[in-house]
Amino acid sequence: MSMGEKSAYDVLYERGFIEQVTEEEPIRELLKGKGITCYIGFDPTAASLHIGSLVPIMSLVHMQLCGHRPIALVGGGTALIGDPSGKTEMRRIMTRDEIDVNAEAIKGQLSQYLDFGEGKALLLNNADWLADLNYVEFLRDIGRCFSVNRMLTAESYRMRLEKGLSFIEFNYMLLQSYDFYYLCKQYGCILQMGGNDQWGNILAGIDLTRRLEEKKTYGMTFPLLATSQGHKMGKTEKGTVWLDASLTTPYDYFQYWINTEDADVKRFLSLFTLLPIEEIRKSEKLVDSELNMAKAVLAFEATKITHGHDAAVAAWGAAVNTFGLKPVSPDLFPSSSIPRTHMSQDISAVPTVAKTREEFVTGIPAFELFYDVDLCASKGEARRVISQGGGYVNGEQIQAFDEKISIKHLNENGEIDLRKGKKQHRKIKVS
RNA sequence: GGAGGGGUUCCCGAGUGGUCAAAGGGAGCAGACUGUAAAUCUGCCGGCGAAGCCUACGGAGGUUCAAGUCCUCCCCCCUCCA
C-alpha cells in the first residue's frame with residue numbers, strides 16, 4: 001500500500017461514520033492492512049431496506065473499496081425474536097414466511113451496493129444456523145457465558161425494564177452474540193459494526209467470542225441517522241424513504257435528498273456519496289444557489305448509488321424541468337458525474353398517468369382527478385387542498401375544487417400537468 | 001394466583017351518558033414568506049357528500065331514547081404482592 005493511501009479507518013473516520021469503537025488504536029492498525037472480514041446485520045422486518053440502513057451499507061462499501069471483506073448478514077433468524085434495542089415496546093412477532101420473503105428481497109438490494117463476487121464479500125442469513133439450534137445445548141454452551149446482572153445494565157434493556165420486556169426479546173442479545181462467534185469461527189470475522197443502538201449487542205458478541213474461541217474481536221458503531229432537526233429517518237417513522245424503486249421511486253428518492261436541510265448537506269455528502277472528502281469539505285462555505293447545487297449533487301450521487309446512473313440522470317432531468325433546477329458549475333464537485341448542462345425535454349421521471357381522450361371531452365372535476373391520479377389520499381383531502389389553493393393545472397392555480405379539467409387543458413404534447421403544492425407533480429398523458 | 005392501574009383517531013395524550021369525528025401536542029398536508037432549505041405565521045388534518053349519512057374510541061355482548069363514557073364476559077399491557 002502506498003504511503004498516501006488512506007486506510008479504511010481513515011476513510012470512515014473523516015466521513016463521519018464512526019461513533020464509538022471498542023479499541024481505537026488496535027482497530028486503526030488492523031484496518032491499515034487488507035482482507036479484514038467484518039460484518040453488519042440487517043433486519044428483514046420489512047420488504048425493503050430504507051434510508052436508515054444506508055449508513056451501515058455505505059460503511060461496508062467503503063470497507064470493500066479499501067480491500068476488506070464485508071459480510072452482510074440478513075437477520076432471518078434473529079428477526080424471529082425481534083431486537084428490543086432502541087424500541088420502546090415490543091414489536092409484533094413476525095412469521096417465518098414473512099421474514100423469509102423479506103430476507104430474499106433485502107439480499108437483492110444489498111447486491112446493488114456490494115460486489116458479492118468470489119472472495120470479495122459474503123451475503124449470509126443467520127436463519128441458516130440459528131433456526132435449528134437446540135435449546136438445551138444452547139443454554140449449556142452459550143447461555144452460561146451470559147450474566148443476567150450484566151445484561152440488565154445494558155442501556156437497551158434498562159430502558160425496556162420500565163415498559164416491560166419479554167423473555168424472548170431478552171434473548172436477542174445472546175443470538176446476536178452467537179452470530180458474531182459463529183462468523184468469527186467460520187469466516188474469520190473479527191469486526192462487527194452497526195448502529196449505535198447495537199453497542200451493547202456488539203460488546204456481548206465480543207465477550208462471547210473471547211470466551212469460546214479465545215479470539216480477540218472488535219466493534220464499531222455509527223451515529224444513528226437523524227436530521228439536524230432531530231427527526232429520525234427510521235422505518236417506524238412516517239414517510240419512510242425506501243431503497244426499493246417500487247416503494248419509493250427514483251424521482252421521489254432524488255427529491256428527498258434535494259430537500260435536505262442546509263445544515264445537513266455536508267454531512268450527508270460525506271455519508272451517502274462516494275465523492276472525495278476534499279471536494280465535500282469545500283461545500284461547507286457554499287450558500288444560496290451554490291448550496292442548492294450541492295444539494296443537487298447530493299441527490300444525484302445518492303440516487304446513482306441506489307438506483308443507477310440512468311435513473312439518477314432521469315430524476316435530475318425531471319428536477320431541471322419541473323423546478324428550474326440550475327446546472328451545477330463545473331468547478332463544484334468535479335468528481336461528480338452529474339450532467340452539467342441542460343438536456344432534451346425528458347421529464348419521464350415525473351409520475352405519469354395514462355388516460356383516454358374520451359374521459360376529458362366533458363371534463364373531470366379537479367378534485368376527482370387529484371384523487372384518481374393519487375395526488376390526494378381521498379376526495380375529501382382533494383377538495384380541501386384545492387379549496388385552499390394548493391391545486392394547479394399546467395402551473396395555473398385551480399380556483400374551485402370542482403372545476404372541470406378537460407381537453408382544453410391539453411398542451412401540444414397531449415399532456416396535462418397536475419400539481420399539488422409546490423413539489424408534487426403528476427403528468428396525465430392523454431391518448 | 002391475589003390487589004390495583006391501563007388499552008382513545010398516524011404517534012403521544014385529554015375525555016362529565018347526550019353539546020364527541022372526540023381537547024391539547026407532535027407528525028403530516030396546503031397557503032404566505034423563501035433558495036424545491038430552515039424558522040415563522042395562517043388554514044386543514046376519518047370517509048362519502050348539498051343538507052346529511054357512514055365508519056371509528058382493545059374484542060364480544062348488554063343496559064339506555066342516547067355509550068368512548070354504565071354493566072357482563074374475554075384478550076392484551078403495566079405496577080405491587082405471591
Side-chain angles (χ1 to χ4, degrees), chain A residues 82 84 86-93 159-169 226-241 251-269 283-284 286-300 302-303 315-329 332 338 347 349-350 365-368 370-372 374-393 395-402 417-426:
Chain A
K87 304 289 184 301
T88 52
E89 51 193 75
M90 183 158 159
R91 296 195 290 205
R92 190 176 66 86
I93 292 190
M159 219 174 76
R160 285 297 299 277
L161 287 178
E162 319 263 325
K163 280 288 268 183
L165 176 71
S166 74
F167 185 68
I168 186 175
E169 293 178 287
T227 69
S228 55
Q229 291 293 97
H231 293 150
K232 272 193 292 185
M233 302 196 220
K235 70 186 107 183
T236 54
E237 296 299 306
K238 258 199 91 131
T240 303
V241 182
Y251 172 75
D252 287 332
Y253 192 80
F254 183 96
Q255 286 297 322
Y256 175 81
W257 291 109
I258 207 164
N259 282 313
T260 296
E261 294 166 34
D262 290 4
D264 293 324
V265 173
K266 184 190 166 200
R267 187 161 58 106
F268 286 2
L269 279 166
S283 72
E284 199 156 29
L286 298 179
V287 291
D288 299 331
S289 67
E290 284 196 324
L291 180 58
N292 278 354
M293 288 179 191
K295 291 183 186 180
V297 170
L298 167 63
F300 178 84
T303 305
W316 171 83
V320 168
N321 283 294
T322 310
F323 296 105
L325 181 68
K326 292 186 193 132
V328 179
S329 340
L332 285 174
I338 189 170
I347 55 172
V350 172
F367 74 96
E368 289 189 11
F370 271 59
Y371 170 71
D372 190 42
D374 220 30
L375 273 172
C376 295
S378 68
K379 290 184 190 172
E381 186 196 330
R383 285 164 195 269
R384 286 191 295 270
V385 164
I386 297 170
S387 299
Q388 289 178 83
Y392 304 80
V393 216
E396 294 280 318
Q397 192 171 56
I398 300 172
Q399 298 306 316
F401 71 82
D402 54 355
D417 175 48
L418 290 185
R419 193 174 107 215
K420 173 184 154 200
K422 288 176 185 143
K423 300 177 193 173
Q424 298 184 55
H425 289 260
R426 205 101 330 161

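Lettering follows sequence order; numbering is per chain, from 1.
Within the 4.0 angstrom heavy-atom criterion, no nucleotide atom of any strand lies near A:S387. Across all strands shown, A:I386 has no heavy atoms under 4.0 Å from either base or sugar-phosphate atoms. Within the 4.0 angstrom heavy-atom criterion, no nucleotide atom of any strand lies near A:A377.
For the atom pair CZ of A:R419 and CD1 of A:I398, the computed distance is 10.0 Å after rounding to the nearest 0.5 Å. In this structure, the separation between CD on A:E261 and NZ on A:K295 is 8.5 Å, given to the nearest 0.5 Å.
Annotation: side chain of A:E381 is in contact with side chain of A:K420 (closest heavy-atom distance under 4.5 Å). A:F254 places a side-chain heavy atom less than 4.5 Å from the side chain of A:I258.
As rounded to the nearest Å, B:A21 and B:G31 have C1' atoms that lie 25 Å from one another. Here the separation of B:A23 from B:G68, taken at their P atoms, is 15 Å to the nearest Å. Taking atom P in both B:A22 and B:C75, the straight-line distance is 34 Å, to the nearest Å. Rounded to the nearest Å, the gap between the P atom of B:U55 and that of B:G61 is 14 Å. Look at the P atom in both B:C74 and B:C81: the space between them is 26 Å, to the nearest Å. Atom name P, nucleotides B:A66 and B:C54: the rounded distance is 15 Å, in whole Å. Across the P atoms, B:U42 and B:C76 are found 47 Å apart, a figure rounded to whole Å. Taking the C1' atom of each, B:A67 and B:U19 are spaced 15 Å apart, rounded to whole Å.
Across B:G35, B:A32, B:C29, the shortest atom-to-atom separation from the side chain of A:D288 is found for B:G35. Among the nucleotides B:C48, B:G31, B:A38, the one closest to any side-chain atom of A:K422 is B:G31. Considering only side-chain atoms of A:V385, the nucleotide from B:U36, B:C29, B:C48 that sits closest is B:C29. Checking B:G31, B:G35, B:U34 against every side-chain atom of A:Y392, the shortest atom distance belongs to B:G31. Relative to the side chain of A:D262, the nucleotides B:A30, B:C48, B:A37 differ in distance, and B:A37 lies closest. Of the candidate nucleotides B:C48, B:U36, B:G47, B:G47 has the atom nearest to the side chain of A:R384.
Close to B:G47, at under 4.0 Å from its OP1 or OP2, lies a side-chain N or O of A:S378. Side-chain N/O atoms of A:K423 include one lying less than 4.0 angstrom from OP1 or OP2 on B:A37.
Base pairing annotation: B:C53 forms a Watson-Crick or G-U wobble pair with B:G47, both donor-acceptor distances under 3.5 Å. Look at B:G4: its Watson-Crick or wobble partner, with both distances under 3.5 angstrom, is B:C78. With both pairing distances under 3.5 Å, B:U9 is matched to nothing as a Watson-Crick or G-U wobble pair. In a base pair of the Watson-Crick type (N1 to N3 plus N6-O4 or O6-N4) or a G-U wobble (N1-O2 and O6-N3), with each distance short of 3.5 Å, B:A23 is matched with no nucleotide. Across all strands shown, B:A32 pairs with B:U40; the Watson-Crick or G-U wobble distances both stay below 3.5 Å.
Rounded to whole Å, the distance from CG on A:D264 to C1' on B:A37 is 10 Å. Here B:C44 presents its P atom at 16 Å from CZ of A:F401, a figure rounded to the nearest Å. Distance A:E381 CD to B:C10 P: 15 Å, rounded to the nearest Å. In this structure, the CD atom of A:E290 is 18 Å from the C1' atom of B:U36, given to the nearest Å. Put simply, CG on A:L325 is 9 Å from C1' on B:U36, counting in whole angstrom units. As rounded to whole Å, 9 Å separates atom C1' of B:G31 from atom CD of A:Q397. Atom-to-atom, CZ of A:R419 to C1' of B:G31 comes out at 12 Å; the value is rounded to the nearest Å. The NZ atom of A:K420 sits 13 Å away from the P atom of B:G28 (whole-angstrom rounding).
Judged by distance alone with a 3.5 Å cut-off, no donor-acceptor contact links the side chain of A:Q388 to the base of B:G31. Between the base of B:U36 and the side chain of A:K326 there is no donor-acceptor pair shorter than 3.5 Å.
With RNA chain B read from its 5' end, the first of the two nearest nucleotides for A:R383 and A:Q424 is the one closest to A:Q424. Both A:F367 and A:N292 lie close to RNA chain B; mapped to their nearest nucleotides by heavy-atom distance, the more 5′-ward contact belongs to A:N292.
When atom types are taken as modelled, the side chain of A:D372 and the backbone of A:E368 share no donor-acceptor pair closer than 3.5 angstrom.
Annotation: A:W257 is in aromatic contact with A:F268 [ring centroid separation under 6.0 Å].
Residues forming a ring-ring contact (aromatic ring centres under 6.0 Å, His included) with A:F367 (at least two apart in sequence, or on another chain): A:F401.
Using a cutoff of 4.0 Å between basic side-chain nitrogens and carboxylate oxygens, A:D417 and A:R426 are not scored as salt-bridged.
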